[in-house]
Amino acid sequence: MIAVSKFLDGISDLIMGYIIDHTHTKLGKAKPWIQRLFIPLAVCQVLMFSVPSGWASSAQLVYMFLTYNLVSTVFFTGINVPYATMQGLMTTNQYERGLLGTFRNLLATAGTMTINTVTLKLTTFFGGGDPYTQRGWTLTTVVLMIAFIGITCFQLAVTHERVDSYESGDDSKPEQKVSFLRGLKALVTNKYWVMLVLLIFSMYFMMSTFFGSAVYFAQYVLGNPDYYTPISNALSLAQIATLFCAPFIMKRIGKRNTALIGMVIAAAGFAATGLAHSVTTVTALSVVKGIGFGFGGATMFGMLQDAITYGEWKQGFNNAGMGNAASSFCMKIGSGIGTAALGWILGAGGFDAKLASQTAGAIASINMSFIWVPTIAMCVAVVSLIFFDLDKKYAKIAADLAAGKHKGEA
């Protein structure tokens, strides 16, 4: 059920991107969809955690499939793709885009940590001491969705599209009809977009194998599953601290160079873990990886918007919606393939979670997933950034677009 839903979710990303590119309202292209869909998302999220207990199991499965896809495939995609697109529609300034990407990543990390901290506490409270009652989860979801509605209302009040924004029906800027296939072709022939997608794919593939194997590494390689907490917390705290520092570095050396430094640091941190033999050393190297992740996370979404702007200049039309949607699709594909790869690697090594101790082959497969596959993924990210020289051309591109000119035009 989840596998089919994830496939549909990826397809809906591309469809939503196409819809955004063909939306023209007084509010802009992306913001109207957030405004239209955030209440339905909140309602369906509560419904998803309210499966009728008296129904037959087959009917419950149908209910879960429908509500899950209303949440994930329809309404969350209908908000998340416009949300990502707005980063490129609020400004064309490279540094400002970098700042937006930094805060997007910073608050996403903080949000994840908050949810991980409060959810089971809330379900236990509402469940009368039991963290896994339906009533507890339903009421917890209601509380979280009320918070989501408030935060979204704040976002809608204070953010505005400023790039390529015009009122519907304005004859001074006629709408250019761009087919779905033409928009897709424009993306895959945009070398900078392809490089960024390769970077993002590598990051999400790495995270699936690395984080998925971390608890096994703590338990079977270091000898204590409790080591997982300090190892993971050290990485998260280092990443958050780096996200605060990244804008100052980015302003001096640019987004691409900041990202490149981050990926080199992360690759070195992973490779050095292969020589580590103690929890202290592994935890210290988690700090190194967190610094690398912080630099990468602070810059990659801003660089993606710059790559999409390059595509507009090169092709003569704006497909920011499809550009962000297709990258979101690649994130999901990267995460999915990374998760599958983790299972394949552990399976090939003979890993069995039921065993108190693992064979030498299983330990080697855990090391491969936790250390060496992420190292290779980070090296791929480094290579993609080495050839990403858009910073040298962006000023002219932005000036041309501001003047209404595109590549090849006088």
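Not measured: the values here are computed from a predicted model.
For Lys31 (side chain) and Thr159 (main-chain N/O), a donor-acceptor pair under 3.5 Å exists by modelled atom type.
The environment of Lys185 atom NZ is sparse: at most 12 non-hydrogen atoms of other residues, nucleotides or ligands sit within 6.0 angstrom. Around CZ of Phe148, the count of heavy atoms belonging to other residues, nucleotides or ligands within 6.0 Å exceeds 12. The neighbour count for Phe7 CZ, taken as heavy atoms of other residues, nucleotides or ligands under 6.0 Å away, does not exceed 12. Counting non-hydrogen atoms of other residues, nucleotides and ligands closer than 6.0 Å to CE of Met368 gives a total of 12 or fewer.
Note on Asp391 versus Lys255: no salt bridge recorded, every NZ/NE/NH1/NH2 to OD/OE distance being 4.0 Å or above.
Residues Pro230 and Asp226 come closest through the heavy atom pair CD-O, 3.2 Å. Taking both residues in full, the closest heavy atoms of Val288 and Gly269 are given as CG1-CA, 3.9 Å, listed atom of the first, atom of the second, then distance. Counting all heavy atoms, side chain and backbone alike, Thr229 lies closest to Ser232 at O-OG, 3.1 Å.
Asp306 and Gln94 share a donor-acceptor pair across their side chains, judged by distance under 3.5 Å alone.
Screening residues 50-79 for ring-ring contact (aromatic ring centres under 6.0 Å, His included) gives Trp55-Tyr63 as the qualifying pairs, with residues at least two apart or on separate chains.
When each of Phe270, Tyr204, Trp372 is tested with Phe210 by the rule ring-ring contact (aromatic ring centres under 6.0 Å, His included), just one qualifies, namely Phe270.
Aromatic pair Tyr216/Phe370: centroids not less than 6.0 angstrom apart.
Cation-pi geometry between Arg135 and Phe126 is not met at under 6.0 angstrom from the ring centre and within 45 degrees of the axis.
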